[in-house]
Amino acid sequence: MSALQGAVESTAPVSRLHAQRSDFPVPTGREEDWRFTPLRRLRGLHGDSALPAGKVAVEASTAPGVIAVRAQRDDPRHHVGFEPTDRVSARAFASYEEATIVTVPAEADVSTPTVISVRGEDSSGAAFGHTRIETGANARAAIVVDHQGSATYADNLEIVVGDGASLTVVSVQDWADDAVHLSHHQATLGRDARLQHAVVTLGGSVVRVSPSVRYAGPGGDAELLGLYFADAGQHLEHRLFVDHAEPNCRSRVDYKGALQGDQAHTVWIGDVLIRPEATGTDTYERNRNLLLTDGARADSVPNLEILTGEVAGAGHASASGRLEDHHLFYLMARGIPLEEARRLVIRGFFGELISKIGVPELRDRISAAVEAELTKTAQTGAVA
């Protein structure tokens, strides 16, 4: 904090990545927000040509007290507050036919998770979706959005957390190998609201998830967690934006990934903006990546834009590399074979993060998925 006390407060324009826009030209790949994304593999989702219709089925299994409906675009129950952030987000917003609306009433305390199942049935055509999750004041709930199957899919997810409410949202991308999925999550936190937002990305050919958080009142607390494991040829991209515009709010970002196989590629962009009025902000973001084989690439770019000197704390960290030799040596010196030592270290790498996810019913499934990936590592041949 002391190092920031002398910082000059500024109302100068912030990064163009997060300026409000109403037009979104077709990206070329030279733009900062598209330079890592393989546009040729998006099957036209970013373009302006008509696309054949794909098929994605959406069903909600609600916990007691939670309400879920499928609403047409003009349904009065569907209050739309979403603001598209790029070309694909805008196209999905303009193209969806029905939205899934999940409402947690004020004061409700829901102990079991509501699950929204998104099942792709055809990847040869494109499908578009929209989901809105609204949690009333002082309510508590957990929502899981579970993606599986084959699809070419673009969607938007609105999350509204009312004053004093606490919400956990977990988005699981467990697609088939041929899936392409671009998703934008936009969360708004009320006064003293708490959100845990977790992204687990395991499957798909190209997956790009872009969560953003904004604060509508002081005292908000956002925890953004992410776990991803990329195999040969997979492109897994996560682009985060936390917009601090209210005083005395907190954010924590912790994403971890592992990569194996030729041309496995992950991208993590973590942007945090602290506006002049956001005094007392406490924020920290971290990304760590394990490169388990040759031929894999991890891009990691944390960014902090601080426009006030009155912050409680602000920092970031990023690290990408191979397994630490001294960790392996410690285990092998105690009689543990190399492959098992590697598995133990990788389990530990992900274990702490998995334990933080606020839906206990998912933790075993995620751990099992990581174990399945480690089996692939042993079969393909890892590097220390």
Side-chain angles (χ1 to χ4, degrees), residues 59-64 66 102 104 109-119 131 133 135 140-149 157 159 161 165-176 181 183 185 187 194-204 207 209 211 221-231 234 236 238 240 251-260 266 268 285-290 292 323 327 340 342-378:
E59 296 181 355
S61 176
T62 58
V66 178
V102 177
V104 182
D109 190 350
V110 184
S111 59
T112 57
T114 289
V115 179
I116 303 171
S117 298
V118 182
R119 297 291 182 269
T131 302
I133 300 170
T135 308
R140 298 174 60 87
I143 312 289
V144 177
V145 187
D146 189 7
H147 304 86
Q148 296 188 43
L157 171 61
I159 303 168
V161 190
S166 179
L167 178 65
T168 297
V169 175
V170 184
S171 179
V172 181
Q173 285 65 237
D174 197 10
W175 294 105
H181 182 206
S183 186
H185 301 181
R194 184 183 186 280
L195 171 68
Q196 185 191 80
H197 179 279
V199 175
V200 179
T201 305
L202 301 168
V207 176
V209 182
D221 188 339
E223 181 182 34
L224 282 69
L225 305 176
L227 181 153
Y228 47 92
F229 207 128
D231 290 323
Q234 276 187 299
L236 307 181
H238 302 87
L240 292 80
S251 65
R252 290 292 185 272
V253 177
D254 192 7
Y255 269 60
K256 291 185 177 183
L259 304 83
Q260 62 186 3
T266 64
W268 180 86
E285 59 176 347
R286 179 176 69 169
N287 176 230
R288 296 177 62 195
N289 298 289
L290 282 180
L292 302 178
L323 294 175
H327 291 155
E340 183 59 24
R342 291 174 52 81
R343 294 167 72 94
L344 288 172
V345 172
I346 297 169
R347 286 175 197 155
F349 175 76
F350 284 121
E352 179 186 4
L353 191 146
I354 293 172
S355 69
K356 292 181 181 178
I357 294 175
V359 182
E361 295 87 343
L362 277 179
R363 294 173 190 162
D364 288 345
R365 174 182 166 187
I366 297 169
S367 296
V370 171
E371 286 295 321
E373 295 289 351
L374 295 179
T375 300
K376 294 181 186 177
T377 307

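When a residue number appears, it is its place in the shown sequence, counting from 1.
To the nearest 0.5 Å, the span separating NZ on Lys256 from CZ on Arg288 amounts to 5.0 Å. Rounded to the nearest 0.5 angstrom, Leu374 CG and Ile346 CD1 are separated by 5.0 Å. Between atom CZ of residue Arg140 and atom OG of residue Ser166 there is a gap of 4.5 Å, rounded to the nearest 0.5 Å. Note that the NE2 atom of His197 and the CG atom of Leu157 stand 6.5 Å from one another [nearest 0.5 Å]. If you take CG on Asn289 and OG1 on Thr266, they are separated by 4.5 Å, rounding to the nearest 0.5 Å. Taken to the nearest 0.5 Å, the CD1 atom of Ile366 stands 7.5 Å off from the CG atom of Leu202.
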Decide yes or no on side-chain contact (heavy atoms from CB on, under 4.5 Å) for Arg365 and Val172, but give the supporting numbers first.
-> CA-CA 11 Å; Arg365 174 182 166 187; Val172 181; 3.7 Å; yes
Steps toward side chain to side chain donor-acceptor pair (under 3.5 Å) verdict (Gln173, Ser171) = CA-CA 7 Å; Gln173 285 65 237; Ser171 179; 2.5 Å; yes
Checking side-chain contact (heavy atoms from CB on, under 4.5 Å) for the pair Val145/Thr131: CA distance, chi angles, key distance, verdict?
-> CA-CA 10 Å; Val145 187; Thr131 302; 5.6 Å; no
Go through Gln196 and Leu225 one step at a time and tell me if the side-chain contact (heavy atoms from CB on, under 4.5 Å) criterion holds.
-> CA-CA 8 Å; Gln196 185 191 80; Leu225 305 176; 3.8 Å; yes
Stepwise side-chain contact (heavy atoms from CB on, under 4.5 Å) test for Phe350 and Leu290 | CA-CA 10 Å; Phe350 284 121; Leu290 282 180; 5.7 Å; no
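Classified by interplanar angle (parallel below 30°, tilted 30° to 60°, perpendicular above 60°), the ring pair Trp175/His147 is tilted.
Here the options are Val199, Ile354, Asp254, the test is side chain to side chain contact (heavy atoms under 4.5 Å, CB included), and the partner is Leu227; only Ile354 passes.
A donor-acceptor contact shorter than 3.5 Å is absent between the side chain of Arg252 and the backbone of Arg286. In terms of modelled atom types and a separation under 3.5 Å, the side chain of Asn287 and the main chain of Tyr255 share a donor-acceptor contact. Between the side chain of Glu361 and the backbone N or O of Thr112, no donor-acceptor pair lies under 3.5 Å. Under a 3.5 Å cut-off, the side chain of Thr62 and the backbone N or O of Thr114 do not form any donor-acceptor pair.
Looking at heavy atoms from C-beta onward, Asp231 lies in side-chain contact with Glu373 at the 4.5 angstrom threshold. Looking at Phe349 and Val370, their side chains never come closer than 4.5 Å, going by heavy atoms from C-beta outward. Under the 4.5 Å side-chain criterion, counting only non-hydrogen atoms from C-beta, Leu362 is in contact with Val170. Looking only at side-chain heavy atoms (C-beta outward), Trp268 and Val253 come within less than 4.5 Å of each other.
Within 6.0 Å of CD in Glu371 there are more than 12 heavy atoms belonging to other residues, nucleotides or ligands. Few gaps surround CZ on Arg363; more than 12 heavy atoms of other groups in view lie less than 6.0 Å from it.
Pairing each heavy atom of Leu224 with each of Ala222, the nearest pair is CD1-CB, 3.9 Å. Considering every non-hydrogen atom in both Val359 and Ala142, the closest pair reads CG2-CB, 4.0 Å.
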